[in-house]
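Each chain gets a letter, A, B and so on, in the order the sequences are listed, and its residues count up from 1. Side-chain atoms are counted along with the backbone in the values below, which use heavy atoms only and exclude waters and symmetry mates.
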2 protein chains.
Amino acid sequence: MVNGIKPIAAKSMAERVEASLREYFTKENFKPGDPLPTELELAAALGVSRNVVREALSRFKMLGIIETKKKTGMVISNPDIVGTFEKVLNPEIMDESTLKDLFELRLVLEMGIADLLFLRKTEADLDELEEIAAREVKDKNFRISTEIAFHGKLYEMTGNDTMKRFQNLLLPIFGYVMKLENKKFVSGKVTHQDLVKILRKGTVKEFKEGMLSHLQPHFDRLKQLK
Amino acid sequence: MVNGIKPIAAKSMAERVEASLREYFTKENFKPGDPLPTELELAAALGVSRNVVREALSRFKMLGIIETKKKTGMVISNPDIVGTFEKVLNPEIMDESTLKDLFELRLVLEMGIADLLFLRKTEADLDELEEIAAREVKDKNFRISTEIAFHGKLYEMTGNDTMKRFQNLLLPIFGYVMKLENKKFVSGKVTHQDLVKILRKGTVKEFKEGMLSHLQPHFDRLKQLK
DNA sequence: ATTAGTAGTTATGTTCTACATATTAAATGT
DNA sequence: ACATTTAATATGTAGAACATAACTACTAAT
């Protein structure tokens, strides 16, 4: 077996141009709004066809790192990281171990937002949350949608838009993993209504314990697996 | 002001082809390993040039959703989501509110991993962690690197590779935000060595309190801002 | 002098053709 | 039956050409 030897340039031109451009952007310290050379200039500078350059640029456009206008040219812009995440987060084509990891990540987030919640909660938020929890008790049929609504509202209350959107993306993962394991959504001893109550009048510590108890079935399952 | 009116098709062909392909993949229920039509077939089916198709395909290749081999053609594959994340996570071109959000996200993760840690910790892990903490006390100069090593090891101990890699990506964000706010890395009353001790002999609850205390300076700063 | 209109220029958007290259599959020869 | 050669095919890359939007500058008209 041949060891310590690797292919010279297995990667495609577009891939290499992407890497070169990325390096160029950081080296030149590009900031949002800064104009880029034209496609032809880049092609000439890199010694490749305009076609290849465009394939690489197309990638940056997808990430939101580059924006273009005709005649004006291209400029750097700040990418939408959550939006990008969305583009790869397809449960159908994800390997199982990653799915499991993301499922756990969701649990970790859920357990970790307590401090932010107590830092930023408002009366209006609590009222709305309470209303969601109350609605849930009436409509036995729509447990999943209210489940989503409740936890979604929690993330919203953190005042962290990125986290809220991120959690939203993880929702299908959550559902998918549950389906894979043929499990039903089961809540622990602490209900949503209990959580609201703690959030309103209790302490951070109590809330953390409450949330753990609420998610206990999920943690129990993890314990079984290992 | 004109209301309820939007541009017909402002998006580029490549962008629309990307969307069409994405829809096609899910509709046809493609799984990793499944072969795709050829570029020419796609171009014909979509009524666009092969060039445009290639620009769209290039995007999927970047995300790792498509892999290609000459002659054989293209197949669906499972994307590397953390790797994709890395491609957009450049602090230099990110807007400040997103940076702030990610900084908080890091804190939330840190607070939320306690349960996983106690579920999966091993003696070997604890030994290594203790060693890192001990090294830190000796080398006053390299506080930041040991800071990274310590918390990195914690994530590693969760047994969640995705989370570990994700945290690794957030590190530069952490540093960047600190630099932006001209703050130094300050630990709370609970040190790394204390955390190790709790992790070894204490309870989950104690560890959570310890971690909160360790990160308290950061939470205090958040409190100041709001 | 301000406005309106016109023409020219430029960079991206799109298409088409051609050829290179890797790899599979078929054909051929021993 | 096996090894070798040949052909076929899908991706990779290059180059030219034209379309299109948007900026610039010049011109004409009120």
Side-chain angles (χ1 to χ4, degrees), chain A residues 2 5-22 24-25 28 30 32-77 79, chain B residues 2 5-22 24-25 28 30 32-77 79:
Chain A
V2 186
I5 188 169
K6 49 191 172 185
I8 307 288
K11 299 174 188 191
S12 71
M13 282 291 164
E15 204 164 339
R16 283 192 279 170
V17 168
E18 184 203 332
S20 290
L21 288 178
R22 187 161 265 126
Y24 171 62
F25 294 162
E28 296 287 313
F30 274 115
D34 290 349
L36 294 178
T38 69
E39 294 177 351
L40 278 170
E41 285 169 339
L42 290 175
L46 292 162
V48 296
S49 74
R50 186 176 160 226
N51 242 331
V52 168
V53 172
R54 277 185 64 82
E55 284 186 22
L57 290 173
S58 182
R59 300 177 173 202
F60 287 107
K61 288 175 199 167
M62 177 182 61
L63 301 179
I65 290 179
I66 287 181
E67 281 179 0
T68 59
K69 265 195 288 185
K70 279 190 179 174
K71 160 76 179 179
T72 312
M74 303 179 281
V75 296
I76 297 286
S77 71
Chain B
V2 186
I5 189 169
K6 49 190 171 185
I8 307 288
K11 299 174 188 196
S12 71
M13 281 291 165
E15 203 163 342
R16 283 193 279 169
V17 169
E18 183 204 333
S20 290
L21 287 178
R22 187 160 267 127
Y24 171 62
F25 294 163
E28 296 288 312
F30 274 115
D34 290 350
L36 293 178
T38 69
E39 294 177 350
L40 279 169
E41 284 170 339
L42 289 175
L46 292 162
V48 297
S49 75
R50 186 177 159 223
N51 240 330
V52 167
V53 172
R54 278 186 63 82
E55 283 186 22
L57 290 173
S58 181
R59 299 176 174 202
F60 287 107
K61 288 175 200 168
M62 175 181 61
L63 301 179
I65 291 178
I66 286 181
E67 280 179 0
T68 60
K69 263 196 291 185
K70 280 188 181 176
K71 162 76 177 179
T72 311
M74 304 179 281
V75 297
I76 299 288
S77 71

Go through the steps for B:L40 and B:L42 under the test side chain to side chain contact (heavy atoms under 4.5 Å, CB included), then give the verdict. CA-CA 5 Å; B:L40 279 169; B:L42 289 175; over 6 Å; no

Does the protein touch nucleotides 9-16 of chain D at the base, only the backbone, or not at all? Give it as B, S and - per nucleotide, heavy atoms under 4.0 Å. BBBBBBB-

Quick one: does [X]'s side chain get under 4.5 Å of [Y]'s, heavy atoms only?
X	Y	result
A:F25	A:I66	yes
B:P37	B:Y24	yes
A:L46	A:S20	yes
A:V17	A:L57	no

One thing to verify: whether A:K61 and A:E67 come together as a salt bridge, which I'm taking to mean a side-chain N less than 4.0 angstrom from a carboxylate O.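 No salt bridge links A:E67 with A:K61.
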
Salt bridge present between A:E18 and A:R22 (N-O < 4.0 angstrom):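 Yes, this pair counts.
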
Examine distances only and state if a side-chain atom of B:S58 and a backbone atom of B:R54 form a donor-acceptor pair shorter than 3.5 Å.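 No.
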
Counting Watson-Crick and G-U wobble pairs whose two distances are both under 3.5 Å, find the runs of 3 or more in a row that involve DNA chain C.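 Stems for DNA chain C, defined as runs of 3 or more consecutive pairs: C:1-30 with D:1-30.
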
Between which nucleotides of DNA chain C, 5' to 3', does chain B make heavy-atom contacts below 4.0 Å?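 Both ends considered, the range comes out as C:dT14 to C:dT24.
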
For A:T38 and A:M74, work out which heavy atoms get closest and say how close.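 Result for this residue pair: C-CE, 4.3 Å.
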
Determine, stepwise, if the pair B:I76 / B:L36 fulfils side chain to side chain contact (heavy atoms under 4.5 Å, CB included). CA-CA 7 Å; B:I76 299 288; B:L36 293 178; 4.0 Å; yes

